[in-house]
Number of protein chains: 2
Amino acid sequence: MDTPQPEHLKSAGLKSTLPRLKVLDLFQRGQERHMSAEDVYKQLLADGESVGLATVYRVLTQFAQAGLLVRHNFEGGKSVFELNEGTHHDHIVCLQCGHVEEFYDSAIETRQKKVVSDLGFAIQDHSLHIYADCTKTKCPNRR
Amino acid sequence: MDTPQPEHLKSAGLKSTLPRLKVLDLFQRGQERHMSAEDVYKQLLADGESVGLATVYRVLTQFAQAGLLVRHNFEGGKSVFELNEGTHHDHIVCLQCGHVEEFYDSAIETRQKKVVSDLGFAIQDHSLHIYADCTKTKCPNRR
DNA sequence: ATGCAAATGAGAACGATTATCATTTGCATC
DNA sequence: GATGCAAATGATAATCGTTCTCATTTGCAT
Ligand SMILES: [Mn+2]
Ligand SMILES: [Mn+2]
Ligand SMILES: [Zn+2]
Ligand SMILES: [Zn+2]
């Protein structure tokens, strides 16, 4: 573990425990940006930093509630988490390789608010997931 | 059951069986537009048209693959299906009452394509789910 | 160092969905 | 209309992601 930052936990009203520090550190190291509970569990194991799976689930949920992480539900039935850096963005998921690309487009965001308020709703949240095939070299499975 | 239409099944390469006709008819009657497997199962039971739950799951998946239905994964962990009427639309889900409202906005659609192709992806599909609170009278739980 | 509420971890339980497999059905052929 | 057979069904078991339970451990204030 590199640089544990208990301040983040304390300020979120969560007491600074070893499992929480390990999970937070894993996201802060940033090797993988979007991770499922299983991803986190296995990565910690691989790093020799074992934490119970139930605890991983609990901690991820707490972190999401505390605003340290953001939870996403892509296709595939498992929740995926990422560090919350304060700025909203949406996601493109490559159907070939699973790679996740982030983007933000203010025209889309603005338009969403308008459309929804015109329909008489007060928007709380939204998820925009685009499923696509990479055409750039970044995709290992590209044609 | 009102007016079974085996043609739809045949043209989809699915043979016309009683359970399939019952499920298709339920969607075509249109009482509820967006239904989960459990919704379908229970509604058929209530109509005195019992079909095994496993069959409901199988048939819904087959219909979605055949393009008769569209599958959505809203928050809540269960798949929801609706009749495929050929025209794409997105969804607003009321956080208070669960009511689902549909909308289509060509500005959003166009912008999505542009953003994604600029990033070097070939867009295949997308899901835009907006979570909101009703402010109109249509919401039974409204403030 | 002590005490204790809060957190952890192993495993059971759960809800949604899929797989298994013996029985039934649609439907083509006679 | 009867026959045959591959395909479909339905009861149930199994699977998967996630949450719950509860005995044990830990952070931290005293
Ligand atoms: Mn992201
Ligand atoms: Mn719809
Ligand atoms: Zn790719
Ligand atoms: Zn509502």
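Throughout, protein chains are lettered first and strands after them, A, B, ... in sequence-line order, and every chain is numbered starting at 1. These values consider heavy atoms only, across backbone and side chains, with no hydrogens, waters or symmetry-generated copies.
- Considering only side-chain atoms of T17(A), the nucleotide from dA7(C), dG17(D), dC28(D) that sits closest is dA7(C).
- Closest to the side chain of A54(B), from the set dA19(C), dT9(D), dA10(C), is dA19(C).
- Among the protein residues, S79(B) comes within range of the sugar-phosphate backbone only, with heavy atoms under 4.0 Å from sugar or phosphate atoms but none that close to a base.
- Electrostatic pairing of K42(B) and E38(B) counts as a salt bridge here, judged by a charged N lying under 4.0 Å from a carboxylate O.
- Distance from the side chain of T55(A) is smallest for dT8(C) among the nucleotides dT8(C), dG10(D), dG11(C).
- Taking only distance into account, the side chain of R58(A) meets the base of dG9(C) through a donor-acceptor pair shorter than 3.5 Å.
- Here D118(B) does not pair with K113(B) in a salt bridge; the nearest charged N to carboxylate O distance is not below 4.0 Å.
- Of the listed nucleotides (dG26(C), dA7(C), dT19(D)), dG26(C) has the atom at the smallest distance from the side chain of L18(B).
- The separation between K15(B) atom NZ and dC5(D) atom C1' is 9 Å, rounded to whole Å.
- Residues H72(B) and H91(B) place their aromatic rings such that the two centres sit under 6.0 Å apart.
- Salt bridge annotation for R33(B)-E85(B): present, with a cationic side-chain nitrogen under 4.0 angstrom from a carboxylate oxygen.
- For the pair Y57(B) OH and dA19(C) C1', the computed distance is 14 Å after rounding to whole Å.
- Listed nucleotides dA16(C), dG27(D), dT18(D) differ in distance to L53(A); the shortest reach to its side chain belongs to dT18(D).
- Closest to the side chain of A37(A), out of dG26(C), dT18(D), dT9(D), is dT18(D).
- For the pair E38(B) CD and dT17(C) C1', the interatomic distance rounds to 11 Å; values are reported in whole Å.
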